[in-house]
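What follows is a short report on a single structure.
When a ligand or atom number is given, it counts from 1 through the structure's own listing order. The figures here come from the full heavy-atom set of this structure, side chains too, leaving out hydrogens, waters and symmetry mates.
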Amino acid sequence: MILVTGGTGTIGTELVRLLRDRGVAFRVLARNPAKARVLRAAGVEVVEGNLEQPQQVEVACAGIDTLFLLSPVDPRQDEIQGRAIGAARRAGVPRVVRVSGAGARAGAPVSLSRWHAATDTRLEESGLAFTLLRPSYFMQNLLMFASTIVGQGAFSIPAGAAAVAAIDARDVAAVAAAVLLAPAAHENRAYELTGSAALRFDEMAEQISATSGRAVRYVPADPHAAGASMRAAGLPDWLADGMLELYASFREGAGARVTADVHKVLGRAPLAFETFAQDYANVFAPPRKA
Ligand SMILES: NC(=O)c1ccc[n+]([C@@H]2O[C@H](COP(=O)([O-])OP(=O)(O)OC[C@H]3O[C@@H](n4cnc5c(N)ncnc54)[C@H](OP(=O)(O)O)[C@@H]3O)[C@@H](O)[C@H]2O)c1
């Protein structure tokens, strides 16, 4: 029996679909009662609970063989996930499969990567068996710009002319499912998950244009202006700063590395950006006239 956390998010929604299709025994920890109801209606076992409440995590972990651990970006991530790992250990869970991030290492220039490194180390030292998934930038992040793409035919990111080996989040879910289905084969390993090619954002814009029928331009943003707009849009300082650090690392070339790990685990190439652009073309397409 598997406990899936983050099962209502970008990776988790796809992971739940894959595990259900394969008839695997799993339950989802969900904090939102309305989302829990939707999952139950789809035949998924749900335990209502909050990752920030270790006792609720411990109850949800009863009889579990593997904890799939995912929580959103947060400066408290290490504290929250550390307590969840402790709860899993107390409940007798032998292994954890955790979503970390590309570039996770102590001393990394990007705060989000340092937080992931701290939690990775904590898990490695926990005595539990583990598998770490370290995905690159998600293609799905571009969905955040859907309204400016549709409205203005442009999106703006402070990435300059950086090339990024973005990954389709559906591949992260597919790798997670493969690991959860055969955990012993992946025990105590870390996978660096990237797409199969590093593209510049203007090249991604070209592919979105080709598939959506909307001419789309990438406009490299000035980092200071981008920071100001993120804060004006309500992003907390830690997140705006973290995103600016991430894009600065991309401008230094840190996002361009392509790995073979998706292929190693799945036996197929990662989904191409073109496939992402085709599959989400309706999100980027201009509204149809009545
Ligand atoms: N985006 C990227 O480019 C990227 C790249 C590399 C790594 N990552 C890593 O991927 C992870 C995020 O994955 P994602 O994008 O799939 O997540 P997401 O879409 O942000 O979803 C977060 C999930 O966690 C759940 N959740 C949040 N707080 C919770 C709590 N206190 N208790 C229980 N559940 C809680 C959410 O539930 P609700 O539905 O109730 O909110 C949701 O299911 C992060 O660790 C991030 O660093 C992201």
Heavy-atom nearest neighbour in the protein, as seen from [atom], with distance rounded to 0.1 Å:
atom	answer
atom 23 (C) of ligand 1	G6 CA, 3.5 Å
atom 38 (P) of ligand 1	T8 OG1, 3.4 Å
atom 33 (C) of ligand 1	L51 N, 3.5 Å
atom 6 (C) of ligand 1	P135 O, 3.2 Å
atom 17 (O) of ligand 1	L70 CD2, 3.8 Å
atom 31 (N) of ligand 1	N50 OD1, 2.7 Å
atom 19 (O) of ligand 1	T10 N, 2.9 Å

Only heavy atoms of [X], strictly under 4.0 Å: list the atoms of ligand 1 that pass.
X	answer
E52	31 (N)
H116	45 (O), 46 (C), 47 (O)
N141	1 (N), 2 (C), 3 (O)
V99	10 (O)
Y137	3 (O)

Could you state whether [X] and [Y] fall into the same hydrophobic cluster, counting links through intermediate Ile, Leu, Val, Met, Phe, Trp or Tyr residues with side-chain heavy atoms under 4.5 angstrom apart?
X	Y	answer
L70	I167	yes
V24	M1	no
L266	F273	no
L199	F284	yes
L19	V175	yes

So, is [X] polar-close to ligand 1, with some N/O to N/O distance under 3.5 Å?
X	value
I11	yes
F138	yes
S71	yes
L29	no
N32	no
G9	yes

Decide whether the shortest distance between a heavy atom of [X] and an atom of ligand 1 is less than 4.0 Å.
X	answer
V73	yes
P72	yes
S136	yes
T5	no
Q140	no

Best match, G101, G12, G242, S100: closest heavy atom to atom 9 (C) of ligand 1: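 The option holding the nearest heavy atom is S100.
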Closest to atom 29 (C) of ligand 1 (judged by heavy-atom distance), picking from K35, R76, R31: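 Selected option, by shortest heavy-atom distance: R31.
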Plane angle bin for Y247 and F250 - parallel if under 30°, tilted between 30 and 60°, otherwise perpendicular: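 F250 vs Y247 ring planes: perpendicular.
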Parallel, tilted or perpendicular: rings of F155 and Y218 (30°, 60°):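 If you compare the ring of Y218 with that of F155, the planes turn out tilted.
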Residue pair I11 / L133, side-chain heavy-atom distance below 4.5 Å: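 Answer no - side chains too far apart.
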F68/F26 aromatic ring centres below 6.0 Å: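 F68 vs F26: aromatic centres not under 6.0 Å.
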Aromatic ring proximity, centroids under 6.0 angstrom, F276 and Y280: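 Y280 vs F276: aromatic centres under 6.0 Å.
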Salt bridge (charged side-chain N to carboxylate O under 4.0 Å, His left out) between R200 and E203, worked out: CA-CA 5 Å; R200 296 187 313 270; E203 293 172 313; 3.5 Å; yes
Check against salt bridge (charged side-chain N to carboxylate O under 4.0 Å, His left out), R231 and D237: CA-CA 7 Å; R231 286 174 235 275; D237 285 344; 3.1 Å; yes
Residue pair D171, R268: steps toward the salt bridge (charged side-chain N to carboxylate O under 4.0 Å, His left out) verdict: CA-CA 10 Å; D171 276 341; R268 63 155 174 84; 2.8 Å; yes
Distance in Å, R27 CZ paired with I64 CD1, rounded so as to fall on 0.5 Å steps: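 One gets 4.0 Å once the value is rounded to the nearest 0.5 Å.
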Minimum-distance pair of heavy atoms, taken over all atoms of V4 and G7: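 Scanning both residues, the minimum pair turns out to be CG1-CA, 3.9 Å.
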